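A quick write-up on the structure given underneath.
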There are 2 protein chains.
Amino acid sequence: MLDLGYNERRALEIIRADGPISRVELGRRLGVSAPTMTRMTATLTDQGLIREAQPIEPPEGRGRGKPSSMIDLDGDGLHSVGVFFDPDEMAVCVTDLRGNIRAERRHRLQSRQFDDLMRLASGTAEELLAEAGLDRERLVGCGISFPGHFSVDSGRLTRIPQFADWRAINAPGDFEPYFDMPVHHENDGKAAALNELYYGVGKRRDNFVLILLTYGIGGGIVLRRSLYRGAHRNAAEFGGIFPKSQPRPSGQDLCDLLSAGGVEVTRLVDIGAHHLDHPIVEQWTERAAEQLRLLVLMLARTVDPGEIVFGGSLPLALQERIRERLLAGELGEDFLVEAPEISVTGMSSMMHRGAATIPLYRTMTPGHYPGRALKGWR
Amino acid sequence: MLDLGYNERRALEIIRADGPISRVELGRRLGVSAPTMTRMTATLTDQGLIREAQPIEPPEGRGRGKPSSMIDLDGDGLHSVGVFFDPDEMAVCVTDLRGNIRAERRHRLQSRQFDDLMRLASGTAEELLAEAGLDRERLVGCGISFPGHFSVDSGRLTRIPQFADWRAINAPGDFEPYFDMPVHHENDGKAAALNELYYGVGKRRDNFVLILLTYGIGGGIVLRRSLYRGAHRNAAEFGGIFPKSQPRPSGQDLCDLLSAGGVEVTRLVDIGAHHLDHPIVEQWTERAAEQLRLLVLMLARTVDPGEIVFGGSLPLALQERIRERLLAGELGEDFLVEAPEISVTGMSSMMHRGAATIPLYRTMTPGHYPGRALKGWR
DNA sequence: ATCTTTTTGTTACATCATGAATATAAATAC
DNA sequence: GTATTTATATTCATGATGTAACAAAAAGAT
């Protein structure tokens, strides 16, 4: 089916991040000649992946010479299904090549059995595809994301906290029978990091770390615009830094504290604006921020990312407070080098759109091409 | 001069790691066809970078068919100068393409002035090149490494601990006038990591972290066989994790403790085997290992490297004791995923050979090619 | 001993993405 | 209007690649 060359992928990546963009500017950024750009844009247009953009540019500020025609991603070029679930809910969506969500649906989970979850996911996916009326030819696949770890014999998924009743999942083999399309998966943190790469921080950074605060603590690392998985696929598993027997900066910890303190909160979504000034929440925030300061310091000194993004299902205002506390104090004693920028992301769709990003990323990233050769490099 | 294609660089990397190797096996690993291998090996042989290796293979174990001829790096193909210095000494060497040290010399430092250091380095380099009798045409350049940090306006070197009398160094411009060859530099940890990549752990790992214990605490991170520098060129600056006002796992800290305890030790090299059972050293080792356990845990949970290597100028036996202590206890509570392997490297030449590796790496790595395009990818 | 099979490596040729040179189009400057 | 500038398209030569056919060397079968 779709077989993109290396420079074509790089071009699409630049267009995604900075489009609309002219052929000349794109060629300059890619380091290829004008004729190559003409050809490349022609074939990408033929494939329906890009199109001429509206000439919405300001008439001011143009110099002499023929005005450039701008190209941009064609949203109808490809689409992708995303499935995210956690212990509470499932969210399914269909996104297009530009990351727009064409259709989405959320379910409260009635069952956490693997079979039930997969049936619900694939059924919903088919409904959404029908609703959105999208050409199946242009569907790159389905991405699934959920909280969980990997074990070393790669693909083997184990120890999913709230899905302990699952048998050991062997991905992608165990997912595929339920879906009439290619299936890919990543854990929640890495999928959310892909969402950031395509539609968030990635617009301004090539290296960043996402710290995802949900019931647990996870995240994803993107280096050189490529999702970094680590030797055992356990990179960015920040939860393991904070012992489960101790207070830790996780949503579960906050929920437990609140319900122990007599507040009627069992799920993260139950925490509303009126809880934010509750002393338990304030204490928790203070302590969590200090714990996260250690993590941020470690990341700054090891990975040295350009930016560290906080995201997840804690209330946005709470995440903002954590950020403020982190910025208030010193990152570490003698921190004399440049500190990463710290930001908060609040996309409500980050989880399931992140899942939908997985197949797009697999299809389009110039990161690396397993098993194939780079030819013609000079 | 030398202009290597992408697949040629990949080939040289595989030959370096696993050579001698047959054309067929190399082609399989690269994912290219047999004719391409014939051509590629022919051009690389013409350029003097590879040669047929002695058929030292065991006559046993061969199946039917024409026996393969093995190719290997030609040591005479390229060479490189390495300069390392720290507050105590300078070490200069000339290495060949295979990493053999053809000539080397060490100096106790009489002066730490920039000008004096550069004159000494370049003078020694010229002497060594003359001694080794190597063709200047095949010299890729000079690599310089020393302890220090970078500041963000890249190239600007600042805050070198014991070289505080230096003005701000603007690399490579400030180095080049002293040398009659291209000059590259990295700080000590990153250069030592390159040494590991080419001649140490890199033989078995694509992802690893080097923790370098000298007077300070530094290191380097190699991901996907590529030195990772971070957004501000401060990746793997582990020293900043341990506040200078507190006891920390650095050689300086140990020296200070020893001399405060009445032991005649001012430099790390003064610490000999007879000191290892001294109670101060034993206490320091115990405490340093516990501090390093935190770092190792953080690395395992963030970077997830396949292996973590300890190296540096502490006595090897001391490093081994640290390793044993780390292995003895749990890495962290609930550490349920795969832990990185932990090893100790003891190459006495790791610092200056690491420096000499910089120009080779810049010339030969397939990692990434700034400012140039990948063409012909399909 | 010789013939077959297997594996390695080479040669001839077609393919395909590329850049240089050139041409064309559309705007501003004079 | 004409020259200049900038963007894009077209033509053609180049260079790295893969396919197919072939040559060479060794083990095993007869």
Side-chain angles (χ1 to χ4, degrees), chain A residues 3-11 15 19-47 50-53 55 57-72 366 369 371-378, chain B residues 3-12 15 20-47 50-53 55 57-72 366 369 371-378:
Chain A
D3 185 25
L4 295 166
Y6 183 81
N7 275 340
E8 286 170 340
R9 295 176 194 224
R10 287 211 302 149
I15 300 169
I21 188 175
S22 73
R23 288 167 176 78
V24 166
E25 170 63 11
L26 186 54
R28 199 187 58 74
R29 304 247 322 244
L30 288 172
V32 301
S33 64
T36 301
M37 283 320 303
T38 299
R39 266 186 308 265
M40 192 187 291
T41 51
T43 53
L44 289 176
T45 304
D46 288 348
Q47 291 174 92
I50 60 173
R51 64 179 171 197
E52 299 270 321
E57 52 170 342
E60 308 299 329
R62 277 213 320 249
R64 312 218 281 202
K66 177 175 174 174
S68 49
S69 61
M70 308 299 265
I71 50 179
D72 205 352
Y369 295 67
R372 302 193 61 183
L374 275 150
K375 306 166 195 168
W377 238 105
R378 262 288 154 209
Chain B
D3 185 27
L4 295 166
Y6 183 81
N7 275 341
E8 285 171 339
R9 294 175 193 224
R10 288 212 300 151
L12 291 172
I15 300 169
I21 189 174
S22 75
R23 287 167 177 74
V24 166
E25 170 64 11
L26 185 53
R28 199 187 59 73
R29 304 250 319 248
L30 288 173
V32 301
S33 65
T36 300
M37 283 320 304
T38 298
R39 266 187 306 267
M40 191 186 293
T41 51
T43 55
L44 290 176
T45 304
D46 288 348
Q47 292 174 89
I50 60 172
R51 64 181 172 196
E52 298 270 320
E57 51 171 342
E60 309 298 329
R62 277 215 319 250
R64 312 221 282 203
K66 175 177 174 175
S68 51
S69 63
M70 308 300 261
I71 51 180
D72 203 354
Y369 296 67
R372 301 194 61 183
L374 277 150
K375 304 164 196 173
W377 239 104
R378 261 289 152 205

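The shown structure was predicted, so the numbers you read here are calculated from the model rather than taken from an experiment. Convention: sequence-line order gives letters A, B, ...; per-chain numbering from 1.
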Exercise. Rounded to the Å, how far apart are A:E52 CD and D:dA7 P?
Worked result: 15 Å

For this session: From the options C:dT8, D:dG18, D:dA9, select the nucleotide whose nearest atom is closest to the side chain of B:V24.
Result: C:dT8

Exercise. Just wondering, do A:V32 and A:M37 contact through their side chains at under 4.5 Å, heavy atoms?
Worked result: yes

For this session: Dump the intermediate steps for side chain to side chain contact (heavy atoms under 4.5 Å, CB included) on A:E8 and A:T43, then the final yes or no.
Result: CA-CA 9 Å; A:E8 286 170 340; A:T43 53; 3.5 Å; yes

Problem set entry | Phosphate contact (D:dT8 OP1 or OP2) by A:S69 side-chain N/O below 4.0 Å | yes

Exercise. When you check the phosphate oxygens OP1 and OP2 of D:dG18, does a side-chain N or O of B:T36 lie under 4.0 Å from one of them?
Worked result: yes

For this session: Could you tell me the separation between the CG atom of B:N7 and the P atom of D:dG18, rounded to a whole number of Å?
Result: 8 Å

Problem set entry | Distance in angstrom units between A:D46 CG and D:dA9 P, rounded | 12 Å

For this session: Using a 4.5 Å cut-off on heavy atoms from C-beta on, say whether the side chain of B:L4 contacts that of B:Q47.
Result: yes

Problem set entry | A:R23 side chain near D:dT6 phosphate (N/O to OP1/OP2, under 4.0 Å) | no

For this session: Identify whether any heavy atom of A:T41 sits under 4.0 Å from a base atom; if not, whether one sits that close to sugar-phosphate; answer base, sugar-phosphate or nothing.
Result: nothing

Exercise. Should A:L26 and A:R23 be marked as a side chain to side chain contact (heavy atoms under 4.5 Å, CB included) after you check the CA-CA gap, both sets of side-chain angles, and the distance that decides it?
Worked result: CA-CA 5 Å; A:L26 186 54; A:R23 288 167 176 78; 5.7 Å; no

Problem set entry | B:I71 CD1 - C:dT8 C1' separation (whole Å) | 12 Å

Problem set entry | Rounded distance in Å - CE (A:M70) to C1' (D:dA7) | 12 Å

Exercise. What one-letter contact string describes nucleotides 20-30 of chain C from 5' to 3', where B marks a base within less than 4.0 Å of any protein heavy atom, S marks contact via sugar-phosphate atoms alone, and - marks no contact?
Worked result: BB---BBBBS-

Exercise. Which atoms form the tightest heavy-atom contact between B:E52 and B:S69, and what is the distance?
Worked result: OE1-CB, 3.1 Å

Exercise. Roughly, in whole Å, what's the span from CE in A:M40 to C1' in C:dC16?
Worked result: 14 Å

For this session: Report the distance from atom CZ of A:R9 to atom P of C:dA17, rounded to the nearest whole Å.
Result: 14 Å

For this session: Can you see which heavy atom on B:R10 is nearest to which on B:L30, and at what distance?
Result: NH2-O, 2.7 Å

For this session: Compare all side-chain heavy atoms of B:I71 with those of B:I21 and state whether any distance is below 4.5 angstrom.
Result: yes

Problem set entry | Separation of atom CG in B:D3 from atom P in D:dG15, rounded to whole Å | 13 Å

